[in-house]
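Everything below concerns the one structure shown next.
Proteins get letters first, then strands, A, B, ... in listed order; numbering begins at 1 in each. Because only heavy atoms are used, hydrogens play no part in the values below, and waters and symmetry mates are left out as well, while side chains stay in.
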Amino acid sequence: MRKLPSEFFTHDDTLEIARELLGKTLIVPDLKGNRVSGKIVETEAYLGPEDKAAHSHNNLRTKRTEIMFAKGGVAYVFFVYGMYYQFNVVTGKMNVPHAVLIRAVEPVDGIEIMRERRGKMPDKNLTSGPGKLCIALGIDKNTNGLNLSGEKVWIEDGENIPKSEILASGRIGIDYAEEFVEKPWRFCVKQNPFVSR
DNA sequence: CAAGTGATTAGC
DNA sequence: CTAATCACTTGC
């Protein structure tokens, strides 16, 4: 499979990138070089300056959000609720702080490694949420800022999910975002058992 | 359903 | 400096 080129991420329309990421595969090799990967089945778009749900709302530029201002094609990983990491793909041109949150993947390679990292969990719970998939894939603060054309984390081409198989809905966990709460900027593969609740 | 957990942020 | 908040998960 082909590693996605940087142009994929610098495309103008982040909503379209969020849809196109469905069906692609996220790969994070472990320390021994074993392939640990999952097919992306759920994403959410965060549209920077205008979007009240985005960390980069109003072009807020802090140590944490800094990386979102980079050109598309790098990882934005942040820590929430004192326990969990969340993995995002930075999109858009330089100084356009857009990102796409990967909310769920379906295990592909290295499922044994994921089971070990996640503890005793039914397989369908291994990667079915943004915090869970970071544990399963071994994503942490060291992943933040990595270029997706490098050797530590990348995304490969995969099946194209037809629009008829994509479900759009409001985003999760952003009750503070007023009129943006209901924007249909969350995308899932219909009827896939690995999407989050 | 509610607790847990600590970085990040804004506000003094 | 302090305090509130949070793009979640798990176990009651």
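Electrostatic pairing of Glu50(A) and Lys183(A) does not count as a salt bridge here, judged by no charged N lying under 4.0 Å from a carboxylate O. Using a 4.0 Å cut-off between a side-chain N of Lys or Arg and a carboxylate O of Asp or Glu, Glu178(A) and Lys52(A) qualify as a salt bridge. Salt bridge present: Arg61(A) and Glu66(A) bring a charged side-chain N and a carboxylate O closer than 4.0 Å.
Atom-to-atom, OH of Tyr85(A) to C1' of dT5(B) comes out at 12 Å; the value is rounded to the nearest Å. When the P atom of dA7(B) is taken as reference, atom CD of Gln86(A) falls 16 Å away, rounded to whole Å. dG6(B) atom P lies 18 Å from atom CZ of Phe78(A), rounded to whole Å. Here the P atom of nucleotide dT8(B) and the OH atom of Tyr81(A) are 15 Å apart, to the nearest Å.
In this model, a donor atom of one side chain and an acceptor atom of the other lie less than 3.5 Å apart for Lys132(A) and Ser128(A). A side-chain donor from one of Thr14(A) and Thr91(A) sits under 3.5 Å from a side-chain acceptor of the other. Between the side chains of Glu44(A) and Tyr46(A), at least one donor N or O lies within less than 3.5 Å of an accepting N or O.
Among the protein residues, Lys63(A) comes within range of no part of the nucleic acid, since none of its heavy atoms lies under 4.0 Å from any strand. Counting non-hydrogen atoms under 4.0 angstrom, Arg171(A) reaches nothing in the nucleic acid. Within the 4.0 angstrom heavy-atom criterion, only backbone atoms of the sugar-phosphate kind lie near Arg118(A); the bases stay farther away. As judged by a 4.0 angstrom heavy-atom cut-off over every strand, Leu101(A) is placed among the base-contacting residues. Residue contacts for Thr62(A): at a heavy-atom cut-off of 4.0 Å it reaches the sugar-phosphate backbone alone, with no base atom in range.
Residue Arg64(A) has no polar side-chain atom (N or O) positioned under 4.0 Å from OP1 or OP2 of dA7(B).
Ranked by how close their nearest DNA chain C nucleotide is to the 5' end, Asn125(A) and Gly173(A) are led by Gly173(A).
In DNA chain C, stems built from 3 or more consecutive Watson-Crick or G-U wobble pairs, each with both distances under 3.5 Å, span B:1-4 with C:8-11, B:6-11 with C:1-6.
Under the 3.5 Å distance criterion, the side-chain polar atoms of Asn88(A) are matched with a main-chain donor or acceptor of Tyr76(A). Within the 3.5 Å criterion, the main-chain N or O of Lys163(A) finds no donor-acceptor partner in the side chain of Arg19(A).
When Phe78(A), Phe79(A), Phe69(A), Tyr176(A) are each tested for a ring-ring contact (aromatic ring centres under 6.0 Å, His included) with His55(A), only one passes: Phe78(A).
You can see that DNA chain C meets the heavy atoms of chain A within a 4.0 Å-exclusive cut from dC6(C) to dT10(C), reading 5' to 3'.
Of the candidates dT9(B), dG4(B), dA7(B), the closest approach to any side-chain atom of Phe79(A) belongs to dA7(B).
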